[in-house]
Amino acid sequence: MCKYIISIILFAIVQTAHAQDVEQLAKADPVSWSGGVTWSNILTWPKDSARQVPGYSYYISGSLNTTVLGVVSVPISFAYTNNKLSSTVTYPFNRFTLTPSWKWVRLHIGYSQMTFSPYTMSGHDFLGGGVELTPTEMPWTAAVFFGRLNKAVGRDSINTEPIYKRMGGGVMGGYKGEKITVTANLSICKDVASSLTFAEGIDTTYIAPQSNLVGGVSAMVRPFDQTSIEGEYAMSIVNMNCKADTLGHTESFFEDNTDISRHTAGKVSISQSFGTGSVGVTYERVSPSYRSFASYYNTNNFENVMANFAIDIVQKVNLNANVGWQRDNLNKQEVNTNSQLIYSVSANASPSERISVGGTVSNVQSYVHIKDILEQVTQTTQYQNLDTLSFTELNFSASANGNYRFGDKERLLQNISSSYTYQKASHEQENSQRFVNNRLHNLNANYQATHTLTKLSGSMGVNYNINKTPEAESNVLTLTASVGIPIVKKVRTNVSVNYSVVDSQTDYRIINARLSLSYSFLKYHSLNCSLTALNNDANGRGTQYTANITYNLSLGYSIKRKSAKRTTEE
């Protein structure tokens, strides 16, 4: 596969070179750089082993973008920390990414993400390489990738689910014309059996290595002006035990058996645009147990048909509505079958420059990341909870928000905002039962003010969170206040305090106070220092302190042509 990728890249570069605007190349700077580096040092005392917070940790991240002749762009990014994250997480913080591009040729080297389709390869991180070809003068597109999707993780003392090292690769090609667009993609992912060792037949923790072949075809046709018809079909073949059989076994390749199962997903829609809006209808069906190893989450075992409508009213009100019918238990193997009306409605209005309001209601299932309110009020640095990947499937959500800006722009600017969110969770992820059949309510209101002349700023807020589960209920009331004070030019300090009252089986209080100081110097350098004090009645360990010193450096450098004056920046 590598030699084919190299051939495609070389061909693309040669073709691109012939198509360059010679005059543009002659005027562009030979080489230019831009980017930055951030270095954070975090000291915590006393050390909190229960929350896996080390006494000292550092985080270094940066990016550098190199541009040659205004045509070739080579961005590089990296991140590194000495803080060992949870062993259950395969998404690394220590990472290196290189994504050079030349016109319509883009390479992916290191840790990258690519998306072919929502049903197949959809934003899964991989360590390896890839290339995307999107020529502007030709109707063809192509993409290919190969790399490691998961890192091997063995079972540990806290019964972490073992994970095999998983390798994967895929290819996508497409044609885009004025009236028709067609794309096709294929991905193969397979666990490396030798990456984990088990006493097979004796070890009760044994998990068989798996493999997956997934592919899809999509098309869009425009038979008339402002009319479009779109469709997509995907098939996923999962081998639950690579040692027992392979995906290349011709007798079982497209037939379900003990180890190999076949699943399909499809969607078709038609829409018509008019004046200030559009109308359409969509049909979607995803078979039970459908999943793709190249995608993190797939909602399956459902069939629905929906009508959608969108319109802008006098350029101040936007209304979107989707209404349809959904049923599950497609193979009749579940105990219960649900058939229901599904809908998703959203409205946003801006009656004036100062006022904006909006709201949404939806019972369409979707995956979201729910961040525990206690994680937020007890967080002392921006690097905590980096490995939190607890996604939950929601089957109902509703929200409303409002914002009002007022005051004198020349003296005091003020803003009041509020929002309410309700979420009903149905399924758990990451082996967590915390959000099964949960009902979450969140209400918050905030006031902000900034004095234009002195740059003095302040804010106050209140947040009320209710989390109801079948086993218990917890209520968290959080009051926040902050003040930003400019001391001298380029030096600014900020003081903030969070006070939370947690009402659960045992009432307790949390106080999180932070003092920070920022200083900008030499145009491209900045230094940020903060001291945080966290007092949590629940842990019974008194007050914990965290000091954070962060240094930021912005980079900029250009080599000018001889006819122009050379400039150099830090």
Side-chain angles (χ1 to χ4, degrees), residues 226 228 271-280 282 306-324 342-364 366 368-371 373 376-377 394 396-424 440-466 476-486 492-499 518:
Q226 297 185 326
S228 64
S271 63
Q272 175 68 47
S273 300
F274 61 89
T276 59
S278 64
V279 294
T282 301
M306 296 189 71
N308 53 76
F309 173 79
I311 188 172
D312 292 328
I313 304 175
V314 295
Q315 298 181 348
K316 291 186 177 182
V317 179
N318 177 263
L319 177 64
N320 289 270
N322 296 272
V323 182
I342 57 174
Y343 50 85
S344 176
V345 181
S346 65
N348 297 278
S350 300
S352 69
E353 294 182 356
R354 295 176 176 269
I355 302 174
S356 61
V357 294
T360 62
V361 177
S362 174
N363 69 342
V364 179
S366 62
V368 300
H369 169 59
I370 297 180
K371 188 173 183 179
I373 185 66
Q376 300 181 46
V377 299
L394 297 181
F396 183 82
S397 63
S399 65
N401 63 83
N403 189 78
Y404 176 53
R405 298 183 298 273
F406 62 100
D408 187 356
K409 294 182 180 180
E410 302 298 328
R411 294 184 179 181
L412 185 65
L413 287 174
Q414 301 177 74
N415 184 84
I416 296 177
S417 62
S418 63
S419 66
Y420 169 76
T421 302
Y422 171 77
Q423 296 175 329
K424 180 181 178 183
L440 308 175
H441 302 261
N442 184 267
L443 175 65
N444 71 75
N446 294 279
Y447 168 78
Q448 295 177 326
T450 302
H451 193 267
T452 307
L453 298 178
T454 63
K455 304 299 181 182
L456 179 68
S457 63
S459 67
M460 296 183 297
V462 57
N463 183 289
Y464 188 59
N465 184 277
I466 303 175
V476 182
L477 175 64
T478 301
L479 305 176
T480 64
S482 66
V483 177
I485 305 172
R492 185 177 182 85
T493 185
N494 188 81
V495 180
S496 63
V497 178
N498 291 355
Y499 177 75
S518 61

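The first residue in the sequence is number 1, and the count goes up from there. Side chains are part of it too, since the values below use all heavy atoms of this structure and drop only hydrogens, waters and symmetry mates. Every value quoted in this text rests on a predicted model; they were computed, and no experiment measured them.
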With sequence neighbours excluded, what pairs up with [X] under the side chain to side chain contact (heavy atoms under 4.5 Å, CB included) test?
{"X": "Thr360", "result": "Ser346, Ser399"}
{"X": "Ala445", "result": "Ser418, Val462"}
{"X": "Ala449", "result": "Leu412, Gln414, Tyr447"}
{"X": "Asn401", "result": "Ser419"}

Suppose we screen for side-chain hydrogen bond (donor to acceptor under 3.5 Å, both in side chains). Which residues come up paired with [X], at least two apart in sequence or across chains?
{"X": "Asn348", "result": "none"}
{"X": "Ser271", "result": "Ser228"}
{"X": "Tyr464", "result": "none"}
{"X": "Thr480", "result": "none"}

Rounded to the nearest 0.5 Å, how far does [atom2] of [Y] lie from [atom1] of [X]?
{"X": "Ser278", "Y": "Asn320", "atom1": "OG", "atom2": "CG", "answer": "7.5 Å"}
{"X": "His441", "Y": "Thr421", "atom1": "NE2", "atom2": "OG1", "answer": "11.0 Å"}
{"X": "Asn363", "Y": "Ile342", "atom1": "CG", "atom2": "CD1", "answer": "6.5 Å"}
{"X": "Arg354", "Y": "Ile416", "atom1": "CZ", "atom2": "CD1", "answer": "12.0 Å"}
{"X": "Leu440", "Y": "Asn442", "atom1": "CG", "atom2": "CG", "answer": "9.0 Å"}

Any idea which heavy atoms bring [X] and [Y] closest together, and the distance?
{"X": "Val364", "Y": "Met306", "result": "CG2-CE, 4.4 Å"}
{"X": "Ala349", "Y": "Val317", "result": "CB-CG2, 4.0 Å"}
{"X": "Lys455", "Y": "Arg492", "result": "O-NH1, 3.0 Å"}
{"X": "Tyr422", "Y": "Lys424", "result": "OH-CB, 4.1 Å"}
{"X": "Lys316", "Y": "Pro351", "result": "NZ-O, 3.5 Å"}

Considering residues at least two apart in sequence or located in another chain, which fulfil the ring pair (Phe, Tyr, Trp, His ring centres under 6.0 Å) criterion with Phe406?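 Ring pair (Phe, Tyr, Trp, His ring centres under 6.0 Å) list for Phe406, sorted by chain: Tyr404.
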Which residues share a ring pair (Phe, Tyr, Trp, His ring centres under 6.0 Å) with His451, sequence neighbours left out: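 His451: no ring pair (Phe, Tyr, Trp, His ring centres under 6.0 Å) contacts found.
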With a 4.5 Å cut-off on side-chain heavy atoms, are Tyr499 and Leu477 touching?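 The answer is no; the side chains never approach within 4.5 Å.
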With no hydrogens and no angle check, just 3.5 Å: does a side-chain donor-acceptor pair link Asn465 and Asn463?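 Note: Asn465 and Asn463 side chains miss the donor-acceptor criterion.
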Does any N or O in the side chain of Asn415 come within less than 3.5 Å of the main-chain N or O of Gln448, such that one atom is a donor and the other an acceptor?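 No, because the side chain of Asn415 does not come within donor-acceptor range (under 3.5 Å) of the backbone of Gln448.
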